[in-house]
Each structure stands twice: as C-alpha cells, then as structure tokens.
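Below is one structure, written out as structure tokens, with a few remarks after it.
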Amino acid sequence: MAIEVFWGSGSPFAWRVLLALEFKKLPYVSHLLQFSKQEHKSPQMLALNPRGRVPVLKDGDYVCFESLAILYYLDLKYPRPRMFGGTPEEAGTIMRVICEYQAYIEPHVTRIARAVFSEKADLAADEITEAMHILGREARTIEGRLSKTDWIVGDAYSAADMVLFPGVQLLKRALEKPRAQQLSSRFMPMEVNYPALGRWLARVAAQPGYERTYPPHWRES
Ligand SMILES: N[C@@H](CCC(=O)N[C@@H](CS)C(=O)NCC(=O)O)C(=O)O
C-alpha cells in the first residue's frame with residue numbers, strides 16, 4: 001500500500017515531508033488540502049490528526065503527524081538513503097541543529113511571515129524589528145556554516161536541510177513583498193547579503209523531485 005501524505009500549499013512543515021519523500025524516492029499518494037475550504041479540519045482529517053493540522057502521513061495502518069516525527073519515522077522505516085546521518089555523532093548534530101532552529105529561529109520566522117502576509121500588521125512595531133534583528137544574527141551563523149560545507153550539517157543533504165529550507169523560503173517570500181521593503185533592507189537580496197545561504201537554497205532546489213514539492217500557489221503569485 002502506497003504512503004499517503006496530506007498537506008497544504010505553502011506549509012513549511014508539510015514541505016519538509018515532501019522533501020524527505022522525494023529524497024528517499026518513496027512512491028506516495030499526495031492529498032493537497034485547501035486551507036481556504038478548511039479541508040484540514042474535515043472529520044476524516046480530524047480522525048487522523050485531532051489537532052487538525054498538516055502534514056499527516058499514512059503508511060498502511062500507521063498514521064503519523066508532526067513533521068519532525070514523520071521524518072524520523074521515515075528514516076527508521078526506510079533507512080536508505082539516510083536523513084539523520086550515518087553515526088551517532090552525526091545524528092546528534094543533525095538533531096541539535098534542528099532543535100536550535102525550532103527553539104531560536106522558527107518563532108521569529110513565523111512572526112515576520114504572519115505580520116507581512118496579514119497586510120494589517122504594523123511592520124515598524126518593536127517586536128517585528130527585534131525579530132528581524134535576531135533573524136539577521138542567526139542567518140550570519142548559518143552563513144558561516146554554509147561557507148565551510150555544502151550542507152547545513154557536514155557533507156551530505158540531511159534532515160537538517162529539509163527542516164530549515166522551507167522556513168528560509170517562507171521568510172524570503174515574505175521579505176520579497178513590496179510592503180516589507182524597509183524591514184528587509186539589510187537582509188535582502190538574500191543571495192547578495194548571504195551568498196553561501198543563497199547557493200545552498202539553489203542546491204536544495206536542484207535535488208531530484210524538488211519541483212513536485214514546491215508550493216503550487218507560490219507559482220501563481
Ligand atoms: N508542529 C507541526 C506544525 C503543523 C502546522 O502548524 N501546520 C499548519 C500549516 S503550516 C496547519 O496545519 N495549520 C492549520 C491550523 O492550525 O488550523 C509540524 O511540525 O507538523
């Protein structure tokens with residue numbers, strides 16, 4: 001029975017799972033849900049994930065939600081090629097970088113993206129300036145890592161890349177909006193201010209199957 005994945009366009013969490021499935025070359029049935037129609041809150045979806053969020057993965061009778069848990073499951077169930085490294089040390093570093101991202105970076109990415117896309121939020125507010133400041137600092141740290149290696153951890157594409165990439169893309173998309181011009185002046189263009197980060201974005205985008213993972217509605221606007 002093929003793996004089924006339930007996802008929504010533009011969800012950075014769902015994007016991680018699609019990148020992982022493509023990396024492992026696993027066949028899957030894709031269920032693209034429409035957030036605008038609340039399809040992720042249907043009785044069928046709530047039966048799979050009572051939180052009514054995506055991504056959700058169904059593999060035979062087994063159901064998993066929470067994107068990082070799905071990546072972990074896939075790596076244990078389908079170990080080749082590996083996403084969490086080949087040694088305990090690599091696995092530890094990959095998980096550490098993911099935990100650091102989730103604890104110290106992701107909340108600020110979410111804050112900026114929500115503020116830009118909500119149209120009404122004041123982008124000059126102190127908490128937005130502060131979030132941007134933190135993201136600039138964190139981006140410099142990642143830039144430092146990527147100026148020494150091709151991938152976020154070591155010399156192989158890993159779960160760390162799959163977790164961070166959609167968040168960086170979301171931030172970039174938000175900061176490219178005309179209304180974010182002033183806010184993003186010291187950050188953008190990312191490829192100029194953070195060249196190693198820019199090359200890494202292109203490297204991930206060159207992975208086989210990447211086009212299938214790209215948020216469909218991002219192509220339209
Ligand atoms: N921690 C979860 C976050 C999942 C999540 O928040 N998904 C969003 C889409 S980006 C969602 O389904 N939101 C719908 C809602 O909250 O109603 C994960 O990593 O999978």
Side-chain angles (χ1 to χ4, degrees), residues 3-24 26 28-59 62-78 83-84 91 94-121 131 135 138 152-153 158-177 204 210 212-221:
I3 291 171
E4 293 178 70
V5 62
F6 300 84
W7 60 292
S9 182
S11 161
F13 309 103
W15 200 348
R16 296 171 177 176
V17 173
L18 298 178
L19 290 172
L21 289 166
E22 294 292 342
F23 172 66
K24 288 189 175 281
L26 292 167
Y28 59 93
V29 177
S30 160
H31 300 281
L32 174 58
L33 306 181
Q34 301 299 322
F35 289 125
S36 58
K37 296 183 188 157
Q38 294 287 298
E39 288 178 349
H40 55 301
K41 306 288 187 197
S42 69
Q44 295 87 333
M45 285 311 301
L46 290 173
L48 296 176
N49 178 0
R51 295 188 190 275
R53 288 175 184 244
V54 293
V56 176
L57 182 122
K58 192 167 182 297
D59 190 5
Y62 179 66
V63 175
C64 192
F65 53 89
E66 287 296 317
S67 56
L68 184 54
I70 295 172
L71 264 53
Y72 187 57
Y73 163 77
L74 288 173
D75 217 36
L76 293 183
K77 183 85 179 183
Y78 308 99
M83 283 190 293
F84 284 89
I94 289 166
M95 278 306 280
R96 190 206 84 209
V97 170
I98 291 173
C99 291
E100 286 186 281
Y101 172 76
Q102 293 191 322
Y104 310 119
I105 303 179
E106 193 168 71
H108 305 294
V109 172
T110 306
R111 181 165 299 131
I112 298 285
R114 281 215 183 112
V116 172
F117 296 135
S118 85
E119 302 283 340
K120 279 178 273 168
L135 287 175
E138 295 290 344
I152 297 282
V153 178
S158 77
D161 301 283
M162 294 169 211
V163 168
L164 270 67
F165 176 86
V168 176
Q169 286 286 32
L170 179 66
L171 179 67
K172 187 166 172 273
R173 182 173 159 85
L175 294 179
E176 279 167 354
K177 296 282 173 203
V204 176
Y210 174 78
R212 279 189 288 272
T213 74
Y214 193 80
H217 84 279
W218 285 18
R219 294 188 199 284
E220 292 150 25
S221 59

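Residue indices begin at 1 and follow the sequence shown. Remember, it's 1-based here, ligands and their atoms both numbered in the order they're listed.
- Between I70 and V5 the shortest side-chain heavy-atom distance does not fall below 4.5 Å.
- Contact check for S158 versus I152: no side-chain heavy atoms found under the 4.5 Å cut-off.
- Atom CZ of F35 sits in a crowded spot, with more than 12 heavy atoms from other residues, nucleotides or ligands closer than 6.0 Å.
- Residues V204 and M162 have side chains not in contact (no heavy-atom distance under 4.5 Å, counting atoms from C-beta outward).
- Nearest protein heavy-atom contact of atom 2 (C) of ligand 1 is E66 OE1, 3.2 Å.
- Summary of contacts: the protein heavy atom closest to atom 17 (O) of ligand 1 is K41 NZ, 2.7 Å.
- For ligand 1, the atoms closer than 4.0 angstrom to any heavy atom of S11 are 9 (C), 10 (S).
- Remark: distances from the non-hydrogen atoms of V54 to ligand 1 include one below 4.0 Å.
- Scanning all protein heavy atoms for the shortest distance to atom 6 (O) of ligand 1 gives R53 NH1, 2.7 Å.
- Using a non-hydrogen distance threshold of 4.0 Å, P55 registers as a contact of ligand 1.
- Here the protein heavy atom with the shortest distance to atom 20 (O) of ligand 1 is S67 N, 2.9 Å.
- In this model, no donor atom of one side chain and acceptor atom of the other lie less than 3.5 Å apart for S9 and W218.
- Heavy atoms of R51 stay at 4.0 angstrom or farther from ligand 1.
- Here the shortest heavy-atom pairing between L19 and F165 reads CD1-CD2, 3.9 Å.
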